[in-house]
Amino acid sequence: MKILVLNCGSSSVKYQLIDIDKNYPLAKGLVSRIGMSEAVLTHKPHDRPEVKITGEIIDHIVAIEYVISILLSPNHGVIKDKSEIGAVGHRVVHGGEKFPESVLINSEVMVELRNCIELAPLHNPHNIRGINACQKILLNIPQVAVFDTAFHQQMPKHAYIYGLPYILYKKHGIRRYGFHGTSHYYVSRRASELLKKPANEVNIITCHLGNGASMAAVKEGISIDTSMGFTPLEGLLMGTRCGDLDPAVILHVMAREELSLQEANTLLNKHSGMQGISGHSSDMRDIIQEAKEGHANSRLALDIYCYRIKKYIGAYAVAMGGMNALVFTAGIGENSPLIRERCCEGLEFLGIELDEGRNEEAIGVEALISKDKSKVKVFAIPTNEELVIAQETKKVLEVNTFLKDIVKGV
Ligand code: ADP
């Protein structure tokens, strides 16, 4: 079966068409600048060169129509008929407590997904737009929602309740949810395979370091804690997000700078993190370059970035009562030996001993980067959220077919 995986953002649609029987992507691509002048569709079939097409793409419906057309195109396509697409798997950022696992989308699920918009107003509306667009274009093809929050839904209560009046949790769902779940799931499972141990026999700390960044403590296969919270703002220092902060700071700044709620939101989400500290860039490559050139605030941004990751490593090692592996993934985790080295520096007492040569060589590939004698194995593992979404989609369809057969008495 071929599964179309979609990740719909505010002005972009990322896609992959995956042959799920072979766990293999037939084509992948990105539509960017939706709704702006000169939208761009970048498409890469597995067996031919990448193509780039520019044009006007006014909304997500048109974007997904373009995606389907290029998948069918005689020159760049990988399928001959729309009906070859067996299902669509959507990345949905927030599933709240309602969705602890992936779900087949129907009208009741859509109502619940709309209810979750309140929890993730910056992300969920675009995911829903993508689902609606597919319903219009692909008609009766089954669609499955796979949630970023789901993997963290087994966290114990002591890890997810904030020190606020408990009534706020009951009334408004104010609690820690965690994000990047499909990525933490994928790399932790892959690490247990590399350790040659079942997932339920190992403790793993996973570091997803992209523009957004989060860590998870995966104890015996279950995420028991993670650094992002009610929204993807909590935790590590990120490209443009502040991460952990005394909540009183924002009240103080709002009062002193006379900021509206919207302005405060933008300050914390778009102008903070490495962007805010360096004053130059949110991109780790720029920050590293500027730090090398002696730019003091870029150095400071790097210091804070790595220090905070180290603090979480310590916290999660304690939360799990020790660990077997530490994993780095996503743009920074997969590609930056410098950041990995700085995050592991001085952690020998925890059993973490990085191998300099292995670390330097591991760029964009899966690799063991610790010394053979290191008690804790350290890995760089490229994440593969699309594959998890396709596998989850297949699983949900199989369960639903099985249930239907039971009801029918087959
Ligand atoms: P997103 O969260 O948008 O999916 P990515 O996982 O693509 O982000 O990660 C983007 C980040 O990865 C950027 O900060 C970028 O600078 C960083 N990055 C990519 N390649 C390298 C590299 N070779 N060295 C350091 N950072 C890198």
Side-chain angles (χ1 to χ4, degrees), residues 9-10 93-97 115-126 148-149 152-153 155-180 208-217 225-282 284 287 296-312 314-316 319:
S10 60
V93 170
H94 214 312
E97 289 189 335
N115 289 339
C116 290
I117 288 180
E118 194 186 42
L119 296 171
L122 300 177
H123 297 96
N124 274 27
H126 314 301
D148 261 27
T149 43
H152 305 299
Q153 277 297 300
M155 273 195 289
K157 220 165 185 175
H158 61 249
Y160 71 72
I161 293 293
Y162 287 116
L164 291 166
Y166 194 73
I167 186 77
L168 292 175
Y169 165 58
K170 298 307 274 178
K171 213 171 153 192
H172 302 298
I174 308 290
R175 51 158 282 183
R176 308 182 63 256
Y177 291 96
F179 299 87
H180 293 141
H208 177 109
L209 310 177
N211 284 314
S214 68
M215 289 173 59
D225 205 348
T226 189
S227 58
M228 283 178 168
F230 179 64
T231 74
L233 190 56
E234 190 179 343
L236 304 178
L237 193 76
M238 299 176 226
T240 60
R241 298 177 216 153
C242 60
D244 292 336
L245 184 73
D246 178 346
V249 169
I250 193 57
L251 302 177
H252 183 80
V253 173
M254 282 178 79
R256 295 299 292 262
E257 298 285 332
E258 297 179 7
L259 299 184
S260 67
L261 276 178
Q262 186 53 44
E263 286 164 337
N265 199 25
T266 308
L267 172 76
L268 298 173
N269 279 290
K270 304 263 187 234
H271 300 297
S272 298
M274 292 195 292
Q275 171 76 48
I277 295 165
S278 73
H280 285 273
S281 175
S282 63
M284 184 55 95
I287 301 284
N297 274 30
S298 293
R299 278 194 182 161
L300 178 62
L302 269 190
D303 290 345
I304 299 171
Y305 188 87
C306 298
Y307 176 67
R308 213 175 271 185
I309 291 171
K310 282 165 89 163
K311 281 211 299 189
Y312 272 95
Y316 289 169

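For clarity, every value in this text was computed on a predicted model and none was experimentally measured.
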Worksheet entry | Nearest heavy atoms of A216 and H152, plus distance in Å | CB-CE1, 4.1 Å
Discussion item. Assess, by modelled atom type and distance only, whether the side chains of E234 and Y177 contain a donor and an acceptor separated by less than 3.5 Å.
Written reply: no
Practice prompt. Please report the C-alpha distance between N124 and L119 in whole Å, then the side-chain angles of each, then the deciding distance to 0.1 Å, and finally whether the side-chain contact (heavy atoms from CB on, under 4.5 Å) criterion is met.
Written response: CA-CA 8 Å; N124 274 27; L119 296 171; over 6 Å; no
Worksheet entry | Minimum heavy-atom distance I287-A301, with the two atoms named | CG2-CB, 4.4 Å
Worksheet item: Does E263 CD have over 12 foreign heavy atoms under 6.0 Å away?
Response: yes
Fill in: Nearest-0.5 Å distance, OG1 of residue T231 to NE2 of residue H123
9.0 Å
Fill in: Shortest non-hydrogen contact between A120 and P125, atoms and distance
O-CD, 3.6 Å
Item to complete: Consider only side-chain N and O atoms of Y312 and D225, and report whether a donor and an acceptor are under 3.5 Å apart.
Response: no
Fill in: Distance, nearest 0.5 Å, that separates CG of L300 from OH of Y307
13.0 Å
Worksheet item: What pair of heavy atoms forms the shortest contact from E118 to P121, and how long is it?
Response: O-CD, 3.6 Å
Worksheet item: Among L302, I277, D303, which residue meets the side-chain contact (heavy atoms from CB on, under 4.5 Å) test with L237?
Response: I277
Worksheet entry | 4.5 Å side-chain heavy-atom contact, S298 and M274 | no
Worksheet item: Can you tell me how far the CG atom of N269 sits from the SG atom of C242, to the nearest 0.5 Å?
Response: 7.5 Å
Practice prompt. Give a yes or no on whether the backbone of G212 and the side-chain of R241 come within a donor-acceptor separation of less than 3.5 Å.
Written response: no
Worksheet item: Is there a side-chain contact (heavy atoms from CB on, under 4.5 Å) between Y169 and E97 once you walk through the steps?
Response: CA-CA 11 Å; Y169 165 58; E97 289 189 335; 2.7 Å; yes
Item to complete: Any chance you could lay out the ring pair (Phe, Tyr, Trp, His ring centres under 6.0 Å) test for H208 and F179, step after step, and finish with the verdict?
Response: CA-CA 10 Å; H208 177 109; F179 299 87; over 10 Å; no
Practice prompt. Taking the side chain as every heavy atom from C-beta outward, state whether M254 and L261 have any pair of such atoms under 4.5 Å apart.
Written response: yes
Practice prompt. Applying side-chain contact (heavy atoms from CB on, under 4.5 Å) between L268 and each of V253, T240, I250, report the one that passes.
Written response: I250
Worksheet item: Is atom OH of Y166 surrounded by more than 12 heavy atoms (other residues, nucleotides or ligands) closer than 6.0 Å?
Response: yes
Item to complete: Please round to the nearest 0.5 Å and tell me the distance separating atom NE2 of H252 and atom CD of E257.
Response: 9.0 Å
Worksheet item: Centre of Y160's six-membered ring, under 6.0 Å away, within 45 degrees of the axis: is that where NZ or CZ of R175 sits?
Response: yes
Discussion item. Within this structure, what is the CG-CD distance for the pair N211 and Q275, rounded to the nearest 0.5 Å?
Written reply: 11.0 Å
Worksheet entry | Any M215 side-chain heavy atom under 4.5 Å of S227 side chain | yes
Item to complete: Mind running side-chain contact (heavy atoms from CB on, under 4.5 Å) on L209 and L236 for me, showing each step along the way?
Response: CA-CA 9 Å; L209 310 177; L236 304 178; 3.9 Å; yes
Worksheet item: Distance-only, no hydrogens or angles: does the D148 side chain make a donor-acceptor pair with backbone N or O of H94 under 3.5 Å?
Response: no
Worksheet item: Any side-chain heavy-atom pair from T149 and V93 closer than 4.5 angstrom?
Response: no
Discussion item. One pair to check against side-chain hydrogen bond (donor to acceptor under 3.5 Å, both in side chains): H180 and S214. What are the steps and the verdict?
Written reply: CA-CA 7 Å; H180 293 141; S214 68; 2.8 Å; yes
Discussion item. Using side-chain heavy atoms (C-beta onward) and a distance below 4.5 Å, is Y162 in contact with R176?
Written reply: yes
